[in-house]
Q: 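Quick one: this structure, given as structure tokens, is what I'll be asking you about.
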Amino acid sequence: MDFKRRNGGPFIGGASQAKRGKTAGEWEDSPSQFEEELSMFDEAELDAEEMEGQAGHDVIPVGDLFSADLNPRWRRPHAPSLDPSSDSLVFQQIDLDYYLGEAVAGMPGQSQGKVPIVRMFGVTDSGNSVCCHIHGFAPYFYVPAPSGFTSAHLGEFKKELNSVVLKDMRSNKDNISVTVLAVDITRKENMYGYHGKRSLDFLRITMAMPRLIAPAKRLLELGFKFAHFPIQSYQPYEANIDFEIRFMVDTNVVGCCWIELPKGNYRVSLCQYEVDVGWTDLISHPAEGDWQRIAPLRVLSFDIECAGRKGIFPEADKDPVIQIASMVQRQGETEPFIRTVFTLQSCASIVGSQILCFTQEKQLLQSWAEFLRTVDPDIITGYNIQNFDFPYLLNRAAALKVNLFPYLGRVRGIKSVLKDLNFQSKQMGRRENKTINMEGRVQFDLLQILLRDYKLRSYTLNAVSYHFLQEQKEDVQHSIITDLQNGNEQTRRRLAVYCLKDAYLPLRLLQKLMCVINYMEMARVTGVPLTYLLSRGQQIKVVSQLLRQAMKQDLVMPVVKTEGGEDYTGATVIEPEKGYYSVPIATLDFSSLYPSIMMAHNLCYTTLLQKGSAEKNSLSPEDFIKTPTGDMFVKSSVRKGLLPEILENLLSARKRAKTELKKETDPFKRQVLDGRQLALKISANSVYGFTGAQVGKLPCLEISQSVTGFGRQMIEQTKQLVESKYTISNGFQADAKVIYGDTDSVMVKLGVATVREAMDIGREAAEWVSSHFVPPIKLEFEKVYYPYLLINKKRYAGLYFSSSADTHEKMDCKGIETVRRDNCPLVANLINTCLQKILIDRDPQGAVAHAKEVISDLLCNRIDISQLVITKELTRTAQEYAGKQAHVELAERTRSMCWRTLFPSTHNTTSSSSCPSPC
DNA sequence: CGCCGCCCCTAC
DNA sequence: TGAGGTAGGGGCGGCG
């Protein structure tokens with residue numbers, strides 16, 4: 001193997017970079033670990049397979065001769081021809097959208113004008129891609145039929161509505177002549193509130209295309225008159241449902257499920273499995289048993305390098321793209337089978353990867369786009385590709401007039417365009433994002449996933465890789481990229497290795513964090529398309545499940561006008577008995593508290609008794625309950641709620657997944673199951689939040705405040721039960737005392753000396769307390785803290801015992817500076833060390849001594865600047881802390897924080913005299 | 001100086 | 001036109 005690289009080659013720009021982890025000589029001498037890893041791929045492949053083309057360590061000076069067939073691996077496997085009359089087509093659907101197109105003869109639905117066509121993208125078991133056009137499904141919504149309405153009035157209603165919608169249109173460039181396709185009478189019931197299970201006549205209004213729903217809804221709401229019926233406002237139902245969700249709910253399709261098109265019911269319209277089918281002819285397989293499998297999806301990860309000017313962030317209209325590294329891996333495999341760098345100018349070879357050299361940037365971009373279309377990935381990943389790499393490439397291609405570049409989706413002729421999108425939620429704050437449409441490919445930007453799912457101190461690729469993989473990026477400073485590019489083929493080679501690694505790391509992270517599997521399971525459990533999980537909030541997932549459940553009972557969801565109101569009361573936090581406990585503290589938790597409350601008491605839209613409902617439906621007091629907030633709900637004997645049903649399904653499915661997980665030995669299937677149980681748990685917990693979301697699709701504060709009300713009552717009752725039974729007078733060693741509790745947990749000082757005893761009594765107490773509550777509400781023994789330092793509400797630390805009574809598993813810190821990201825590392829480290837000395841060494845004096853020492857070091861300028869910088873927010877920069885005055889100020893702050901946090905009693909008395917002074 | 005509102009982040 | 005919830009500690013700046 002050719003590891004050797006020419007020594008003593010010109011090294012530009014590195015020597016003057018004062019603070020570098022490695023000297024220039026180090027990386028010149030030996031290949032990095034990553035290079036060895038790359039070369040191993042090569043070896044393995046040479047051993048394992050016949051040479052189908054090249055395994056990849058060649059350098060191809062492309063010039064103008066790029067061809068999509070340069071490497072036979074790039075293409076998908078050959079697709080055997082398909083005979084619709086004798087073969088069925090089975091594929092895993094990974095993305096779903098719709099478009100307006102010409103009706104296809106022989107397909108159901110309207111035949112005139114533009115019609116909405118649902119489009120599914122997917123992959124077969126053999127790795128062939130499928131694009132499936134589904135015809136004949138039209139959007140619809142409901143309004144209650146006015147009194148006296150009969151089927152004889154349908155025609156008039158339809159005609160009049162059609163005419164007002166047409167009149168309402170400002171422009172009619174699609175030349176629509178029919179807006180209302182159909183109006184039918186159907187028996188439905190409003191899901192909001194209990195009305196004695198009486199279904200009423202509703203009008204189901206089917207529109208020609210999705211964007212006509214909103215005006216039709218608005219006009220009906222505003223006041224609509226037809227025939228002899230008086231003008232009136234119609235309350236719309238389900239007029240705010242995304243068309244994709246509407247289709248999926250109605251056809252029982254969930255995100256990422258397997259779809260079967262039976263023989264004789266579809267037709268092949270273009271080459272590789274591009275098919276047309278009627279919407280009622282497809283079979284959606286529930287994700288159970290064999291249908292839980294995942295197709296061999298192609299995942300592309302890429303990274304670009306630009307040659308920026310000194311000290312200026314690269315700008316696409318000025319600075320060239322000089323390299324693009326790409327790695328492609330099949331989902332479920334452990335290694336990428338394509339490893340390629342496109343470079344501008346020559347580049348020395350890298351074992352284990354293929355290098356394509358271009359002399360023109362235009363050609364590089366154009367060829368990479370062609371490469372992407374040839375590889376035809378189902379999933380595209382990378383780091384910050386959504387807000388940097390893709391926008392940069394599109395802008396750069398536009399600047400250079402590479403006109404064939406921006407066709408990156410799977411649908412021929414659709415241009416990928418850049419859009420600015422504003423996404424805001426209380427959870428994630430305001431976030432400005434760019435989006436690029438790429439039909440049929442799921443963009444899985446790892447940075448976006450991490451921002452959504454993980455709370456980290458830093459989100460740089462380097463920090464993230466270190467955190468999850470204990471691996472670093474290749475060491476190349478941004479400032480020298482241009483110099484490396486302007487050097488020779490060796491310096492460009494170094495850049496290419498760096499670029500390859502930046503494409504490789506996201507793949508590794510995706511795998512380690514099981515993102516694809518977990519997101520797929522979430523899509524299957526909640527029923528929404530995969531892309532919604534990254535582009536939308538939490539609510540859509542509950543809506544999808546709610547609609548599915550409601551449909552079974554002919555219940556319909558009203559459109560409510562959304563307006564923020566007053567916050568409602570939440571959970572109780574028990575006043576802590578602050579202090580240091582050198583005795584075991586048992587912790588008891590209600591598992592899935594809010595979901596179990598909703599199930600136990602049958603809380604739902606459909607069971608809510610609004611004012612006067614109890615009397616109107618002549619319900620007896622045994623038929624309903626009154627919650628702690630005074631709201632009333634019918635019992636499940638009268639009507640079982642939708643939300644409790646959804647929750648039961650989710651939690652029982654979770655139980656199943658967990659038992660299957662225990663039995664399963666295949667690591668890949670275990671991952672799927674673990675992802676599934678996690679998705680199920682998260683979904684169950686977000687149902688409560690949905691009912692309390694006042695700016696939401698269907699808020700119901702009666703439900704959410706009843707839930708928290710029950711919770712408050714239960715934690716209080718738990719405290720009383722425990723303290724009343726575990727007493728000296730009942731024969732126990734001591735009177736138990738609940739020293740703290742938050743929402744669904746109580747921390748109990750049982751007065752026993754050992755962890756083992758605390759566990760035994762804790763378990764017994766949990767079971768006994770559980771018996772006082774309605775199933776499935778259950779209090780569980782969780783853990784023992786010993787010793788335990790209770791600083792304040794939501795701030796404590798302790799040694800954590802759970803599986804073993806002999807050794808602690810970890811030091812658990814909650815709410816303290818050590819777990820907060822708005823402190824500099826110095827403070828976090830100092831407090832962490834002090835806590836260790838207090839809890840593990842049981843040496844508070846040692847903690848004091850250590851704190852004094854650190855503060856003294858700080859005052860004397862002996863602390864590394866990196867310890868003082870807050871990594872996340874750059875509000876306090878290194879500059880700010882560079883001066884000595886800043887050190888003194890920080891020392892003062894650190895001292896007071898440390899003392900106040902850990903030694904509140906000594907804080908105000910001797911602080912200045914017992915503290916070190918500056919040197 | 002104390003108080004209050006605001007912000008950030010966390011616990012659940 | 002799209003966005004899960006409340007409780008609560010602690011820092012900080014403005015104000016009386």
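None of the values given here were measured: they were computed from a predicted structure. Just so we're on the same page: letters track the sequence lines, and every chain starts at 1.
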Q: Describe the nucleic acid contact of A/Thr691 in one word from base, sugar-phosphate, nothing, applying a heavy-atom distance below 4.0 Å.
A: nothing

Q: Going by side chain to side chain donor-acceptor pair (under 3.5 Å), name the residues that satisfy it together with A/Arg654, two or more places apart in sequence or in a different chain.
A: A/Gln677

Q: Could you work out which one of B/dA11, C/dG4, C/dT6 sits closest to the side chain of A/Asp742?
A: B/dA11

Q: Report the residue (A/Gly696 or A/Val573) whose heavy-atom-nearest nucleotide on DNA chain C is the more 5′ of the two.
A: A/Gly696

Q: With no hydrogens and no angle check, do the side chains of A/Asn792 and A/Tyr740 hold a donor and an acceptor under 3.5 Å apart?
A: no

Q: Would you tell me if any nitrogen or oxygen in the side chain of A/Asn792 comes within less than 4.0 Å of OP1 or OP2 on C/dG10?
A: yes

Q: Measure OH/A/Tyr796 against C1'/B/dA11 and give the value in whole Å, please.
A: 7 Å

Q: Taking salt bridge (Lys or Arg N to Asp or Glu O under 4.0 Å) as the definition, give me every residue that meets it alongside A/Glu716, ordered by chain and number, with sequence neighbours left out.
A: none

Q: Taking side chain to side chain donor-acceptor pair (under 3.5 Å) as the definition, give me every residue that meets it alongside A/Asp589, ordered by chain and number, with sequence neighbours left out.
A: none

Q: Just compare C/dA3, C/dG9, B/dT10 and give me whichever is closest to any side-chain atom of A/Arg795.
A: C/dG9

Q: Sequence neighbours left out, what pairs pass salt bridge (charged side-chain N to carboxylate O under 4.0 Å, His left out) with at least one residue falling in residues 236-247 of chain A?
A: A/Glu238-A/Arg246, A/Asp242-A/Arg536, A/Arg246-A/Asp250

Q: Output the single nucleotide from B/dA11, C/dG9, C/dA3 whose closest atom is nearest the side chain of A/Lys814.
A: B/dA11

Q: Of the nucleotides C/dG5, C/dT6, B/dA11, which one has an atom closest to the side chain of A/Ala693?
A: C/dG5

Q: Does the distance from a Lys or Arg side-chain N to an Asp or Glu carboxylate O, for A/Asp742 and A/Lys793, drop under 4.0 Å?
A: no

Q: Under a 4.0 Å N-O cut-off, is there an ion pair linking A/Glu817 with A/Arg795?
A: yes

Q: Using the side chain to side chain donor-acceptor pair (under 3.5 Å) criterion, which residues pair with A/Tyr580? Sequence neighbours excluded.
A: none

Q: Could you give the angle between the helix axes at the two ends of the helix from B/dC1-C/dG16 to B/dC12-C/dG5, with five pairs per end, rounded to 10 degrees?
A: 20°

Q: Which is more 5' along DNA chain C, the nucleotide nearest A/Asp567 or the one nearest A/Gly537? Just name the residue.
A: A/Gly537

Q: With a 4.0 Å cut-off on heavy atoms, is A/Tyr594 in touch with a base, just the backbone sugar-phosphate, or nothing at all?
A: nothing

Q: Round to the nearest Å and state the distance from A/Arg821 atom CZ to B/dA11 atom C1'.
A: 14 Å

Q: Answer with base, sugar-phosphate or nothing: what part of the nucleic acid does A/Val695 contact at a heavy-atom distance below 4.0 Å?
A: base

Q: How many whole angstroms separate atom CD of A/Glu244 from atom P of C/dG2?
A: 11 Å

Q: Determine, for A/Arg218 against A/Glu221, whether the closest basic-nitrogen to carboxylate-oxygen distance falls under 4.0 angstrom.
A: no

Q: Rounded off to whole Å, could you give me the CZ-to-P distance for the A/Phe690 and C/dA3 pair?
A: 11 Å

Q: Where the side chain of A/Lys794 is defined as all heavy atoms beyond and including C-beta, which of C/dA7, C/dA3, B/dC8 is the nearest nucleotide?
A: C/dA7

Q: Check every strand shown and say whether A/Val819 touches a base, only sugar-phosphate, or nothing at a heavy-atom separation below 4.0 Å.
A: sugar-phosphate

Q: What is the distance, to the nearest angstrom, from the CG atom on A/Asp822 to the C1' atom on C/dC12?
A: 12 Å

Q: Any base atoms under 4.0 Å from A/Gly689, or only sugar-phosphate, or nothing? Heavy atoms, all strands.
A: base

Q: Picking from C/dA3, C/dG4, C/dG5, which would you name as closest to the side chain of A/Tyr568?
A: C/dG5

Q: With respect to the phosphate group of C/dG8, does any side-chain polar atom (N or O) of A/Lys793 fall under 4.0 Å of OP1 or OP2?
A: yes

Q: Nearest-Å distance, NZ (A/Lys578) to P (C/dG8)?
A: 12 Å

Q: Output the rounded distance in Å from OH (A/Tyr688) to C1' (B/dC12).
A: 10 Å

Q: Can you tell me how far C1' of B/dC12 sits from CD1 of A/Ile682, to the nearest Å?
A: 15 Å

Q: Given the P atoms of C/dG4 and B/dC12, what is the spacing between them in whole Å?
A: 23 Å

